[in-house]
Amino acid sequence: MIAVLPGDGIGPEVIREAVAGMDAAACALGLELTFEQFPCGAAQYQRTGRQWSRGALRACRRAEAVLFGAVGLPGVTLDDGRAAGADVLFGLRQGLYANVRPVKLMPGVRPLLGGRPSAVRPEDVNLVVVRENTEGLYAPFAPLLPKGPEARDVRTITLSASRRIIRHAFSLAAARNKRVTCVDKSNLLAGCVLFSQAFQDIATRHPQVKTDHLFIDAAMPALLRNPAAYDVLVTTNLFGDILSDLASVLGGGLGTAPSANLGTKRGMFEPVHGSAPDIAGKDTANPVGAVLSGAMLLEWLSRKGEWRYQVAGSLLEQAVRDVTSRGICTPDIGGTARCSEVGAAIVESVAANAKKMRDAR
Ligand code: NAD
Ligand code: IPM
Ligand code: MN
């Protein structure tokens, strides 16, 4: 069973299309997926006084994988000031130490800069931000409201969590273009010194992987100016949050960016964007980030040896490429299509490509 938590705002709109795409891709390979939906988030909190439906967390722990939309609505907070819905996100991410955020530029998508299409080419953008997901400046369960004229956010970086995420980045790079960039602020912050030392130590054990290092501030413009120079970028929690939102611009923007939260046994998949209340309910949200998260989920399910999940994931990603290259795109990436139209075109393309595959056999 795949647990599905659409959440707030555009979450339900994009997750609907992701589920349809995953279902079509799995069916085409003779795989049967079952989905169970659970309401959660800020709207659920407003309605019921709880951020989750009863039993949802338990069901998510039991599920083969979790597909998540987004949570959060403006002004909807818990009594202690924290955003309503955030407990769901952090509850689901607990123990999932690797936040893997790939950025690819799909054919036909021209990233908009200053409202105009930029000249970035698909062949120049294929990178992945690997964000540490369990520590750093994020202390999600702490109350938010400052009690006086001073507030402190404590940033804990441990050697064990740093090593774990850096090893993850190196194993990912081994199956890609064999290059890892460490992004930190080790000219100033002790936690980053520890992180970069762990990086150097692990790098010496992977002589086949090229490595380099950037400070976070310099990394942002470097990435935008020359994306082709980067493959895997590994960094701490908050820097990874910011770096991945910026990197998403190279793929067309937040609406296009997928992600995986991975632990040793569990996986949770979600678009990088939030609930986008400014466009919710209009059927204009870009479903590509959510659909590609679904493709990552399918590929991850293949890790136990069922190769058809890998093929289903590739089929779904290929369908997204076909659809964007035909110009069927939402307004955020320069098109006029609706969210539901993009989703329907993806499902059609999955079916057409699956038929071609069968005919070729
Ligand atoms: P956001 O990602 O929701 O939106 C930022 C901008 O990107 C908006 O202009 C929005 O319209 C646009 N955008 C985002 N996704 C899009 C899509 N699929 N298609 C087209 N345009 C898209 O970030 P925000 O505005 O800072 O946050 C809104 C709410 O979402 C807040 O409550 C925030 O806390 C929450 N949030 C949740 C998550 C999550 O659940 N993982 C992530 C980020 C933000
Ligand atoms: C994201 C979001 C979340 C995060 C927030 C909503 C807690 O920005 O998924 O990137 O920072 O992890
Ligand atoms: Mn973010």
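Start at 1 and go down the list; that is how both ligands and their atoms are numbered.
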Does the protein put a heavy atom less than 4.0 Å from atom 34 (O) of ligand 1?
no
Please determine if A276 has a nitrogen or oxygen closer than 3.5 Å to a nitrogen or oxygen of ligand 1.
yes
Quick one: which of T235, D217, T236 gives a side-chain hydrogen bond (donor to acceptor under 3.5 Å, both in side chains) with K185?
D217
May I ask you to check whether F38 and F68 place their ring centres under 6.0 Å from each other?
no
Are the side chains of V180 and H213 in contact, using a 4.5 Å heavy-atom criterion?
no
For atom 14 (C) of ligand 1, the protein heavy atom that lies nearest, with its residue and separation
H273 CB, 3.6 Å
Please write down residue, atom name and distance for the protein heavy atom closest to atom 9 (O) of ligand 1.
D278 OD2, 2.9 Å
Would you say T256's side chain and G251's backbone share a donor-acceptor pair under 3.5 angstrom?
yes
Go through ligand 1 atom by atom and flag the ones less than 4.0 Å from a non-hydrogen atom of F68.
40 (O)
Taking distance alone, with N or O pairs closer than 3.5 Å, would you say V71 contacts ligand 1?
yes
Do any non-hydrogen protein atoms sit less than 4.0 Å from atom 2 (O) of ligand 1?
yes
Subset of ligand 1 atoms that lie under 4.0 Å from at least one heavy atom of A70
40 (O)
If you take all heavy atoms of E135 and S162, which pair is closest and at what distance?
OE2-OG, 4.3 Å
Using a 4.0 Å heavy-atom threshold (strictly under), name the region of A86 that reaches ligand 1: side chain, backbone, both or neither.
neither
Would you say the side-chain atoms of R179 pair up with the backbone N or O of K210, donor to acceptor, closer than 3.5 Å?
no
What atoms of ligand 1 come within less than 4.0 Å of a heavy atom belonging to A285?
19 (N)
Return the set of protein N, O or S atoms whose distance to the Mn ion (ligand 3) is under 2.8 Å, each given as residue and atom.
D241 OD1
Is A83 close enough to touch ligand 1? Criterion: a residue heavy atom under 4.0 Å from a ligand atom.
no
Is the shortest N/O to N/O distance between L254 and ligand 1 below 3.5 Å?
no
Protein heavy atom under 4.0 angstrom of atom 11 (O) of ligand 1, is there one?
yes
List every atom of ligand 1 that sits less than 4.0 Å from any heavy atom of P277, numbering the atoms from 1 in the order shown and giving each element.
28 (C)
To which of V14, I10, D332 does the heavy atom nearest atom 16 (C) of ligand 1 belong?
I10
Main-chain N/O of P287 paired with E17 side-chain donor or acceptor, under 3.5 Å
no
re atom 21 (N) of ligand 1, the protein heavy-atom contact at minimum distance is I279 CD1, 3.5 Å
Nearest to atom 41 (N) of ligand 1, what protein heavy atom do you find, and at what distance?
E270 OE1, 3.4 Å
With a 4.5 Å heavy-atom cut-off, do I202 and R163 have their side chains touching?
yes
Donor-acceptor pair, distance only, cut-off 3.5 Å: does the side chain of T77 make one with the backbone of A83?
no
Going by an N to O cut-off under 4.0 Å, is there a salt bridge joining R326 and D322?
no
Note, T134 side chain near Q94 side chain (heavy atom, < 4.5 Å)
no
Considering all heavy atoms, the nearest P107-P122 contact:
CA-CG, 4.2 Å
Test salt bridge (charged side-chain N to carboxylate O under 4.0 Å, His left out) applied to R338 - qualifying residues, sequence neighbours left out
none
Strictly below 4.0 Å, N to O, side chains only: are D359 and K356 in salt-bridge contact?
no
What part of T330, side chain from CB on, backbone N/CA/C/O, both or neither, has a heavy atom under 4.0 Å from ligand 1?
neither
Is there a polar contact between ligand 1 and S275, counting only N or O atoms under 3.5 Å apart?
yes
Side-chain heavy-atom pair V19, L67 within 4.5 angstrom cut-off:
yes
Can you find an N/O atom of R93 closer than 3.5 Å to an N/O atom of ligand 1?
no
Could you go through ligand 2 and note, for every N or O atom, any protein N or O atom closer than 3.5 angstrom, writing the atom names and distance to 0.1 Å, or 'none'?
unit_1	atom_1	unit_2	atom_2	d
ligand 2	8 (O)	D241	OD1	3.4
ligand 2	9 (O)	R93	NH2	2.7
ligand 2	9 (O)	R101	NH2	3.0
ligand 2	10 (O)	R101	NH1	3.2
ligand 2	10 (O)	R101	NH2	3.0
ligand 2	10 (O)	R131	NH1	3.4
ligand 2	10 (O)	D241	OD1	2.9
ligand 2	11 (O)	R131	NH2	3.3
ligand 2	11 (O)	Y138	OH	2.8
ligand 2	11 (O)	D241	OD2	3.0
ligand 2	12 (O)	R93	NH1	2.6
ligand 2	12 (O)	R131	NH1	3.2
ligand 2	12 (O)	R131	NH2	2.9

Does the protein put a heavy atom less than 4.0 Å from atom 24 (P) of ligand 1?
no
Starting from atom 18 (N) of ligand 1, locate the nearest protein heavy atom and write down its residue, its atom name and how far away it is, to 0.1 Å.
N286 O, 3.0 Å
G72 heavy atoms within 4.0 Å reach ligand 1 at atoms 32 (O)
In terms of relative ring orientation, are F199 and F170 parallel, tilted or perpendicular, with 30° and 60° separating the classes?
tilted
Could you check whether any side-chain N or O of T158 sits under 3.5 Å from a backbone N or O of A161, counting only pairs where one atom can act as donor and the other as acceptor?
yes
Are the side chains of F195 and S186 in contact, using a 4.5 Å heavy-atom criterion?
no
In the hydrophobic cluster built from side-chain contacts under 4.5 Å, what are the other members alongside V249?
L113
Under 3.5 Å, is there a donor-acceptor pair between the side chain of S275 and the main chain of G72?
yes
Looking only at protein heavy atoms, identify the closest one to atom 44 (C) of ligand 1 and say how far it is in Å.
G274 CA, 3.4 Å
For residues A198 and L159, report the shortest heavy-atom separation together with the two atoms involved.
CB-CD1, 4.0 Å
